[in-house]
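Working notes, structure below.
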Amino acid sequence: MKILIMGLRAAGKTSLVKHVFEGKEWDDVKNLEPTEFVSTKTYKYRGLLEVTTFDAGGQKQFIYKYFTDQWSGKIFSNVKAFFFVVDSSNKETLDEAKQEYRKALEYLKKYSPNAKIFVLASKYDVKKISIEEIRKKFGNSNVLVEPISIPEGTARPVVCKLLDSVLSKEAIKTAEKIHKILAKFNKKQKALASFVLNKADGLEIASAISKELINPKKLKYVSAKSLIEPINMAKKMFEKLRKSGYITFDTADLAIWHIAKEYVAVYNVSDEIAMFLILKERNFKLGSLLSSLQEVKEKILEAMS
Ligand SMILES: Nc1nc2c(ncn2[C@@H]2O[C@H](COP(=O)(O)OP(=O)(O)OP(=O)(O)O)[C@@H](O)[C@H]2O)c(=O)[nH]1
Ligand SMILES: [Mg+2]
């Protein structure tokens, strides 16, 4: 699925792409270089939706090219979702942004009349223009205009919700299948919660939460990338241990934390997928957990294939 992202220079487009599709947090995206022309990348959003992002650099010398005969067809055709990013912290460039937006809509109408159109008011943490004003200028009955901020944590949930609205029926079915596998697993292991995560963006593919937890807040649009990382963190040490003959393999597949009365575990399912679970201390039995995980792993891989 092709996603086209446009907006003026420094509006926050590349930061947003890296934040949502690569699970990068604010500190990792603070100092990006301006994008030269159009940067395209393919991601598997939530492990469920193949997405090719066309991140169109917003400097003047690039923007005019997008509307030339040479490039317009390539850039504006086959677009399923169009994100126009407006910098809410910059009053001076608002009219210029509107001009680019108008032109882009014209070309989308011609090359991708069915594209879904979304406007994002970026940097809302340092906004100078209210969302009402941006809605008045950019919105209409077919166009959603939403405020986002990466440091305040609103960018990921807003964009993910929009992306979830274009998931195929097949993708939704896959997620439901995995949910059922996890629900069974929870019952067997008396787990409080289990999640299957897409490693690249750290986002949930599916989850199951035990009824024992009363109204827990949703974690659906939180990236758990930092939690998955420890599985590879001690790799150098494992390698040394293996070379010295203490262990046979040097790839870890399970990491466990003991947190007061709970255990939190991360399990490696494949190169793309990890599982993350929360168990009560009194229900934790390592041997039984390991064999359940092995079973669940095969079922998940089958559901995803
Ligand atoms: N305060 C704040 N700054 C942001 C946010 N998102 C991006 N920025 C900053 O905006 C600046 C530009 O970000 P980029 O993502 O490189 O902007 P871009 O739209 O890709 O720019 P071009 O590639 O030149 O078109 C950077 O300094 C970012 O740190 C946000 O949510 N809040
Ligand atoms: Mg950029």
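Numbering of ligands and ligand atoms starts at 1, following listing order.
Stacking of Lys188 on the aromatic ring of Phe185 is not recorded, the 6.0 Å distance cut-off and the 45° axial limit not both being met. Geometric assessment of Lys41 against the ring of Phe21 yields a negative cation-pi assignment under the 6.0 Å and 45° thresholds.
The shortest N/O to N/O separation between Glu33 and ligand 1 does not fall below 3.5 Å. Residue Asp125 has at least one nitrogen or oxygen atom sitting less than 3.5 Å from a nitrogen or oxygen atom of ligand 1, judged on distance alone. The shortest N or O to N or O distance between Thr35 and ligand 1 is below 3.5 Å. Note: no N/O pair closer than 3.5 Å links Leu16 and ligand 1 by distance alone. The distance criterion of under 3.5 Å between nitrogen or oxygen atoms is met by Gly12 with respect to ligand 1. Looking at ligand 1, you'll find an N or O of Gly58 within less than 3.5 Å of one of its N or O atoms. Backbone and side-chain nitrogen or oxygen atoms of Ser15 are examined, and one is located within less than 3.5 angstrom of a nitrogen or oxygen of ligand 1. Residue contacts with ligand 1: Lys13 is placed with a nitrogen or oxygen under 3.5 Å of a nitrogen or oxygen of the ligand (distance criterion only). In terms of polar-atom proximity, defined here as any N/O pair under 3.5 Å, Lys123 does make such a contact with ligand 1. Inclusion of Ala56 in the set of residues having an N or O under 3.5 Å from an N or O of ligand 1 is not warranted.
The Mg ion (ligand 2) has no N, O or S atom of Ser15 closer than 2.8 Å. Taking backbone and side chain together, Thr35 holds an N, O or S atom under 2.8 Å from the Mg ion (ligand 2).
The salt bridge (charged side-chain N to carboxylate O under 4.0 Å, His left out) with Glu25 is formed by just one residue from the set Arg156, Lys18, Lys225; it is Arg156. The side chain to side chain donor-acceptor pair (under 3.5 Å) with Asp87 is formed by just one residue from the set Lys123, Lys128, Lys13; it is Lys123.
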Practice item. Could you walk me through whether Tyr43 and Asn198 pass the side-chain hydrogen bond (donor to acceptor under 3.5 Å, both in side chains) test, one step at a time? Key: CA-CA 11 Å; Tyr43 298 103; Asn198 185 38; over 6 Å; no
Practice item. Test Asp164 against Tyr221 for side-chain hydrogen bond (donor to acceptor under 3.5 Å, both in side chains), laying out the working first. Key: CA-CA 10 Å; Asp164 280 357; Tyr221 299 129; 2.5 Å; yes
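Of the N and O atoms on the side chains of Thr52 and Thr42, at least one donor lies less than 3.5 Å from an acceptor on the other residue. For Asn142 and Lys116, the side-chain atoms include no donor-acceptor pair closer than 3.5 Å.
Remark: Ala183 engages Ala208 in a side-chain contact (heavy atoms from CB on, under 4.5 Å) (not counting sequence neighbours).
At the shortest separation from atom 27 (O) of ligand 1 among protein heavy atoms lies Lys30 O, 3.7 Å. Summary of contacts: the protein heavy atom closest to atom 31 (O) of ligand 1 is Ile150 N, 2.8 Å. From the protein, the heavy atom lying nearest to atom 21 (O) of ligand 1 is Ala10 N, 2.9 Å.
Comparing Phe62, Trp26, Tyr124 by heavy-atom distance to atom 4 (C) of ligand 1, the nearest is Trp26. Of the options Thr14, Asn31, Leu32, the smallest heavy-atom separation from atom 20 (O) of ligand 1 is shown by Thr14.
Not close to ligand 1: Gly7, with no non-hydrogen atom less than 4.0 angstrom away. Heavy atoms of Gly57 approach ligand 1 to within less than 4.0 angstrom. Within the structure, the closest approach of Pro151 to ligand 1 falls below 4.0 Å when heavy atoms are considered.
Aromatic rings of Phe76 and Trp71 (six-membered ring for Trp) have centroids beyond the 6.0 Å cut-off, not under it.
Side chain of Ser88 to backbone of Ser122: a donor-acceptor contact under 3.5 angstrom is found.
Taking every heavy atom of Ser149 and a limit of under 4.0 angstrom, the matching atoms of ligand 1 come to 31 (O).
Side-chain contact between Leu197 and Leu203 is absent, with no heavy atoms from C-beta onward closer than 4.5 Å.
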